[in-house]
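Report on one structure; see the data block that follows.
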Amino acid sequence: MKRSLFVLLTALIALSMLLSACGAPATEAPAPAPAATEPPAAAPAATEAPAATEPPAAAGPLTFVLVPKNLGNPYFDTANNGAQEAAKELGVTVLYQGSANADATEQIQLLNSLIAQKVSGLAVSANDSDALVPTGKEAIAAGIPVVSWDSAIGKDGRVLHINQAVLHDIGAIEIKMALDLAPDGGDIAILSATSTAPNQNAWIEVMKEELKKPEYSKLNLVEVVYGDDDDTKSYNEAQALFTKYPNLKVIIAPTTVGIAASARAVTDAGLIGKVAVTGLGTPNQMREYVKNGAAPEFALWNPGDLGYLSIYVLEALATGKIKGEPGEKFTAGKLGEYTIQEDADLGVNILLGLPFIWDKTNIDDSNW
Ligand code: RAM
């Protein structure tokens with residue numbers, strides 16, 4: 001990825017502000033990014049969230065579907081809580097439907113059935129960027145607005161992508177945390193989600209670029225492995241890393257499933273203090289591992305806000321308030337005003353804000 005020195009410097013400044021807990025909007029982001037000065041609050045729990053298997057309403061008000069990579073992941077459940085909050089405010093119905101596995105083929109089958117049911121709009125966290133493009137195109141041709149959120153569908157298969165944080169910041173913050181945890185350097189490994197996941201793959205590319213910087217020269221990336229956002233597979237992959245790399249110092253897991261499984265594996269193997277885990281996690285899943293020292297610090301944005309924003313965008317598209325063109329502005333309830341932007345990596349997109357770091361000083365401040 002080509003970035004100017006200016007952009008690198010501004011990203012570094014944004015990062016250092018984050019790390020000193022006095023964040024400000026990322027300077028490279030044209031859209032307003034809320035400052036990450038305090039831990040993201042929980043979105044209220046959904047009281048009337050429809051069951052995942054419930055079919056969309058046949059007629060009447062707008063029915064949107066929030067599609068995660070897979071079901072059974074607290075990260076996506078939290079996003080759904082935010083989506084249900086937006087649904088109530090907007091007077092629309094939001095169904096939460098996903099496949100059992102984080103698998104593109106299963107996800108495409110689900111999307112085809114939702115297109116056939118003529119839902120009013122789709123918000124998808126993609127299991128594969130390219131594979132979902134024809135399905136997204138088909139939906140758009142059928143008059144169903146498609147946005148991706150969390151993990152992007154290729155540019156032609158969605159109107160726009162709702163981006164959780166600046167891509168570069170997410171990768172860079174993870175390498176920064178790895179050095180915090182292994183200041184003398186050593187072997188590090190990445191335990192990711194699926195090998196096709198567009199979001200994790202983009203962050204891993206950034207991490208590899210970051211590792212070329214002189215300040216990270218002591219960190220030695222030995223392998224990238226995939227736990228498929230499946231708890232058992234992620235746990236087993238973490239264990240295999242301990243065996244294969246006896247001097248492993250850090251596992252970076254850019255997935256909420258992988259980081260929790262890795263921290264549990266470190267704890268079970270009695271390796272706390274020898275191998276540290278970091279990456280992207282949810283506070284409730286990571287609290288015990290922050291406290292026992294297996295995962296002293298990790299980062300994330302607020303998935304509840306991401307789900308909330310996705311539904312506001314979908315409603316604005318479905319009702320013609322916006323067309324999904326760069327420069328258009330709209331207001332997303334409690335989150336305030338956003339401007340649609342366009343960049344080389346993500347095409348047309350909307351930026352939620354900044355990632356946030358949790359450690360033992362603030363892990364009890366968030367309950368989601
Ligand atoms: C998992 C999923 C999701 C990702 C988070 C960080 O829950 O892979 O796509 O954004 O981790």
Side-chain angles (χ1 to χ4, degrees), residues 40 66-83 96 98-104 106-107 123-129 132 147-153 161-167 169-174 177 190-207 224-235 237-238 251-263 277-286 289 295 297-307 309-310 346 349 351-358 366 368:
L66 187 75
V67 180
K69 284 178 175 170
N70 59 343
L71 294 174
N73 176 346
Y75 169 90
F76 290 118
D77 295 346
T78 304
N80 181 40
N81 288 344
Y96 179 56
S99 47
N101 300 303
D103 175 84
E106 288 183 25
Q107 195 169 40
V124 183
S125 171
N127 281 311
D128 189 303
S129 180
L132 264 69
V147 298
S148 51
W149 59 285
D150 176 65
S151 183
I153 301 177
H161 177 67
I162 297 142
N163 188 22
Q164 51 272 60
V166 175
L167 187 150
D169 290 356
I170 300 173
I173 213 165
E174 293 181 76
M177 290 189 296
I190 295 174
L191 193 154
S192 190
T194 63
S195 62
T196 61
N199 51 348
Q200 274 90 10
N201 284 347
W203 302 331
I204 290 169
E205 281 312 304
V206 174
M207 288 192 231
V224 179
V225 298
Y226 300 91
D228 292 350
D229 270 353
D230 175 271
D231 176 70
T232 307
K233 179 152 196 287
S234 303
Y235 185 92
E237 290 290 342
I251 295 177
I252 304 174
T255 139
T256 61
V257 179
I259 192 175
S262 299
V277 176
T278 191
L280 306 175
T282 66
N284 282 356
Q285 286 181 290
M286 295 307 294
Y289 305 115
E297 61 176 333
F298 66 93
L300 200 66
W301 45 91
N302 186 335
D305 285 350
L306 192 60
L309 178 58
S310 301
L346 285 175
N349 70 87
L351 177 68
L352 175 70
L354 290 167
F356 184 86
I357 292 182
W358 282 267
S366 305
W368 50 270

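Atoms within each ligand, like the ligands themselves, are counted from 1 in listed order.
Of all atoms in ligand 1, listed by their number and element, those nearer than 4.0 Å to a heavy atom of Gln200 are 2 (C), 4 (C), 8 (O), 11 (O).
Looking at Asn201, its side chain does come within 3.5 Å of a backbone N or O of Ser195 through a donor-acceptor pair. At least one donor-acceptor pair under 3.5 Å links the side chain of Lys233 to the backbone N or O of Tyr226.
Within the structure, ligand 1 lacks Trp149 among the residues with a heavy atom less than 4.0 angstrom away.
Regarding atom 1 (C) of ligand 1, its nearest protein heavy-atom neighbour is Thr256 OG1, 3.3 Å. For atom 8 (O) of ligand 1, the closest non-hydrogen atom on the protein side is Asp229 OD2, 2.6 Å. The protein heavy-atom contact nearest to atom 3 (C) of ligand 1 is Asp150 OD2, 3.4 Å.
In terms of polar-atom proximity, defined here as any N/O pair under 3.5 Å, Asn73 does make such a contact with ligand 1. Between Trp203 and ligand 1, a contact under 3.5 Å exists for no N or O pair.
Using a 4.0 Å cut-off between heavy atoms, Trp301 contacts ligand 1 through its side chain alone, with no backbone atom that close.
No donor-acceptor contact under 3.5 angstrom links the side chains of Trp368 and Thr282, judged on distance only.
Of the options Asn127, Asn199, Asp128, a side-chain hydrogen bond (donor to acceptor under 3.5 Å, both in side chains) to Ser151 is made by Asn199 and by none of the others.
A distance of 9.5 Å separates CG of Leu351 from NE2 of His161, quoted to the nearest 0.5 Å.
By the 30° and 60° cut-offs, the orientation of the rings of Trp358 relative to Phe298 is parallel.
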